[in-house]
Amino acid sequence: MNIKKALETKAGIASGIYLNDIDIDPLTIRAIMINEVVPADPVQDFYGGPDADYLKTTIPLLQRAGAEVTSIQDALRMGIYITNAVKTPKTEYAIDKSSIEKSLPYLEEELALFPNIKVIMLMGDVAKKAFNMITKKATKKNAIPAVSTYKLRSSEIYYEGIRVMPSYIMTGGNILIEKSKVTMATEDIATMLEIIK
């Protein structure tokens, strides 16, 4: 299945929306990692190319957690699909609510493509916010409590039988500066790898 074509069929074609133009078997995916926002240049996204900026932090994080990966294809073969909550590049430092709302139909349909998901990792506050907007629409309440991520890490949160793990952003230069967040994200990814074994 081509993810981009499937999502455009379900949610429509919109200008400025960047979707993952990759072919995968959705039945093989057992974990989804939701990053915050697409990069301004699609070539720098997870599936943009082997030297993409987003992979420069993501692959080392997966490796630190114990995954034997050197490429995004290796992650897919392990059953890990990575996407972005916001499908439009950010124009300012902060991501506004309207950007999340514009991308939400695509993210919602994207999550629904994968019937064998055991874990959804929310990599950063924007991913957490987007996921809560989806769950609130369905159940009238947030799946993830409005508490700091570090406080939520020790609790097991489930939504429709799927383990949902709030964690830390996995892309961008800042991740390399904040060593404690790198350590915590690595621990969270290791837990995810254990669940999908």
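Counted by atom type alone, Asn20 and Tyr81 present one or more donor-acceptor pairs between their side chains at under 3.5 Å.
Remark: Thr9 engages no residue in a side chain to side chain contact (heavy atoms under 4.5 Å, CB included) (not counting sequence neighbours). For Pro89, the side chain to side chain contact (heavy atoms under 4.5 Å, CB included) partners are Tyr18, Val38, Ala40, not counting sequence neighbours. Not counting sequence neighbours, the partners of Leu61 by the side chain to side chain contact (heavy atoms under 4.5 Å, CB included) test are Met170, Ile175, Val182, Ala185, Thr186, Ile189.
With hydrogens and angles disregarded, no donor-acceptor distance shorter than 3.5 Å links the side chain of Ser148 to the backbone of Tyr150. Checked by atom type and distance alone, the side chain of Thr135 never pairs as donor or acceptor with a backbone atom of Asn142 at under 3.5 Å. A donor-acceptor contact shorter than 3.5 Å links the side chain of Asn116 to the backbone of Leu27. In terms of modelled atom types and a separation under 3.5 Å, the side chain of Ser155 and the main chain of Leu152 share a donor-acceptor contact. Asp45 places no side-chain N or O within 3.5 Å of a backbone atom of Tyr54 that could act as its donor or acceptor partner.
The side-chain heavy atoms of Lys5 and Ile3, taken from C-beta on, include no pair separated by under 4.5 Å. By the 4.5 Å heavy-atom criterion applied to side chains, Ile34 and Ile120 are counted as neighbours. At least one side-chain heavy atom of Asn84 sits less than 4.5 Å from a side-chain heavy atom of Phe46. Taking the side chain as every heavy atom from C-beta outward, Ser180 and Thr183 never approach each other to under 4.5 Å. Using a 4.5 Å heavy-atom cutoff, the side chains of Pro39 and Asp53 are not in contact. Contact check for Met33 versus Leu122: no side-chain heavy atoms found under the 4.5 Å cut-off. The side-chain heavy atoms of Met123 and Glu36, taken from C-beta on, include no pair separated by under 4.5 Å. Counting heavy atoms from C-beta on, the side chains of Lys118 and Arg163 never come closer than 4.5 Å.
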Please lay out, stage by stage, how Ile80 and Ile32 fare under the test side chain to side chain contact (heavy atoms under 4.5 Å, CB included). CA-CA 6 Å; Ile80 302 165; Ile32 298 176; over 6 Å; no
Give the intermediate values and the outcome of side-chain hydrogen bond (donor to acceptor under 3.5 Å, both in side chains) for residues Asp96 and Ser99. CA-CA 6 Å; Asp96 60 37; Ser99 295; 2.9 Å; yes
Side chain to side chain contact (heavy atoms under 4.5 Å, CB included) between Ile134 and Leu104: does it pass, once the steps are laid out? CA-CA 7 Å; Ile134 290 171; Leu104 219 52; 3.8 Å; yes
Is there a side chain to side chain contact (heavy atoms under 4.5 Å, CB included) between Glu109 and Leu113 once you walk through the steps? CA-CA 7 Å; Glu109 291 294 350; Leu113 294 175; 5.8 Å; no
Side chain to side chain contact (heavy atoms under 4.5 Å, CB included) assessment of Ile22 paired with Asn2: CA-CA 5 Å; Ile22 57 164; Asn2 182 279; 5.9 Å; no
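Here the two rings, on Phe131 and Tyr159, have centers that are under 6.0 Å apart.
Residues Ile169 and Leu55 do not share a hydrophobic cluster, clusters being chains of Ile/Leu/Val/Met/Phe/Trp/Tyr side chains in contact below 4.5 Å. In this structure, Val126 is a member of the same hydrophobic cluster as Val147, with clusters built from ILVMFWY side-chain heavy atoms closer than 4.5 Å. At a threshold of 4.5 Å between side-chain heavy atoms, the hydrophobic network of Ile, Leu, Val, Met, Phe, Trp and Tyr places Val164 and Tyr168 in two separate groups.
Nearest approach of Ala14 to Tyr106, heavy atoms of both residues: CB-OH, 3.3 Å. Nearest approach of Gly66 to Leu193, heavy atoms of both residues: C-CD1, 4.2 Å. The minimum heavy-atom distance linking Val37 with Lys90 is given by the pair CG2-N, 3.9 Å. Contact between Asn35 and Ala127 at its shortest, heavy atoms only, is O-CB, 4.1 Å. Summarising the geometry of Pro26 relative to Pro115, their closest heavy-atom pair is O-CD, 4.1 Å, with the distance given to 0.1 Å. Here the closest non-hydrogen pair linking Leu62 and Ala75 is CD1-CB, 4.3 Å.
Atom CG in Leu111 sits 12.5 Å away from atom CD1 in Ile29 (nearest 0.5 Å). Atom-to-atom distance recorded for Ile72:CD1 and Arg77:CZ is 10.5 Å, nearest 0.5 angstrom. To the nearest 0.5 angstrom, Ile195 atom CD1 is 12.0 Å from Arg30 atom CZ. Note that CE of Met165 and CD1 of Ile144 are 10.5 Å apart. Values are rounded to the nearest 0.5 Å.
Residue pairs meeting the salt bridge (Lys or Arg N to Asp or Glu O under 4.0 Å) criterion with at least one member in residues 121-138, sequence neighbours excluded, are Glu108-Lys137, Asp125-Lys128. Sorted by first and then second residue, the salt bridge (Lys or Arg N to Asp or Glu O under 4.0 Å) pairs involving residues 7-27 (not counting sequence neighbours) form an empty list.
Checked for salt-bridge contact, Glu110 and Lys87 meet the test: a charged N lies under 4.0 Å from a carboxylate O.
The hydrophobic cluster around Val43 extends to none of the other residues, as no ILVMFWY side-chain heavy atom falls under 4.5 Å of it.
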